[in-house]
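Below is one structure, written out as structure tokens, with a few remarks after it.
This structure is a prediction, so every number in the text was calculated from the model and none was measured.
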Amino acid sequence: MKRRKEDSVKQSDELAQQILAVIDAIPYGRVATYGQIARLAGLPKHARLVGYVLKHLDAAADLPWHRVINSQGKISLSKLDENGLNMQAQKLLSEGIAVAAGKIDLKKYQWH
DNA sequence: GATCAGGCTCTAA
DNA sequence: ATTAGAGCCTGAT
């Protein structure tokens, strides 16, 4: 992360902003992959950063982080609720997105 | 600065 | 279809 001095400050902040903006734009009933989000945000190779940002900055924001999955259509997190079920999968299911064995059919639900 | 780790991705086996 | 290894980049120590 070394850039021109003028950018260095807002750089990281903007990256997060862009990422969040893209995620926020994911429509109901649709999902997107980390890589896709990174690309749309203008960050072709920062798929991991997307995950990182979400993990740390989702609490207060009302972002549909559950609509973000990896390129294989799987859920990477293993956050479980009191019933031992995957929270993300539940949110997706309640939006009408089919989740079979932790996997989602990208052909049908991926956002373009 | 040098190092490490991470909700990833791509390709090959 | 699943797994393993290498690549990429950033934020945190």
When you measure from the side chain of Gln88(A) to the backbone of Ile69(A), do you find a donor-acceptor pair of N or O atoms at a distance under 3.5 Å?
no
Taking atom CG as the centre, does Asp62(A) end up with more than 12 heavy-atom neighbours from other residues, nucleotides or ligands that are less than 6.0 angstrom away?
no
Taking all non-hydrogen atoms of both residues, which atom of Val50(A) and which atom of Ile23(A) are closest, and how far apart?
CG1-CD1, 4.4 Å
Answer with base, sugar-phosphate or nothing: what part of the nucleic acid does Val53(A) contact at a heavy-atom distance below 4.0 Å?
nothing
If you only use heavy atoms from C-beta on, which nucleotide in dT10(C), dG7(B), dC8(C) is closest to the side chain of Leu49(A)?
dT10(C)
Using purine N1 to pyrimidine N3 plus N6-O4 or O6-N4 for Watson-Crick, or N1-O2 and O6-N3 for G-U wobble, both under 3.5 Å, which nucleotide pairs with dC8(C)?
none
In Å and rounded to the nearest 0.5 Å, what is the OG1 to CH2 distance from Thr33(A) to Trp111(A)?
11.0 Å
Classify Lys45(A) by what it touches in the nucleic acid, base, sugar-phosphate, or nothing, heavy-atom distance under 4.0 Å.
sugar-phosphate
Between dG7(B), dT2(C), dC9(C), which nucleotide has the shortest distance from any of its atoms to the side chain of Lys103(A)?
dT2(C)
Within the pair Lys74(A) and dT9(B), is there a side-chain N or O less than 4.0 Å away from OP1 or OP2?
no
Value in whole Å for how far the C1' atom of dC8(B) lies from CG of Leu106(A)
14 Å
Quick check on DNA chain C: between Gln72(A) and Tyr52(A), whose nearest nucleotide comes earlier from the 5' end?
Gln72(A)
Taking only side-chain nitrogens and oxygens of His46(A), does any of them come within less than 4.0 Å of OP1 or OP2 of dT10(C)?
yes
Counting side-chain heavy atoms from C-beta on, which of dG6(B), dT9(B), dT3(C) comes nearest to Arg48(A)?
dG6(B)
Quick one: Ile37(A) CD1 to dC9(C) P, roughly how many Å, whole number?
19 Å
Rounded to whole angstrom units, what separation is found between the CD atom of Gln18(A) and the P atom of dT10(C)?
13 Å
Should Ser78(A) be listed as having a side-chain N or O under 4.0 Å from OP1 or OP2 of dG7(B)?
no
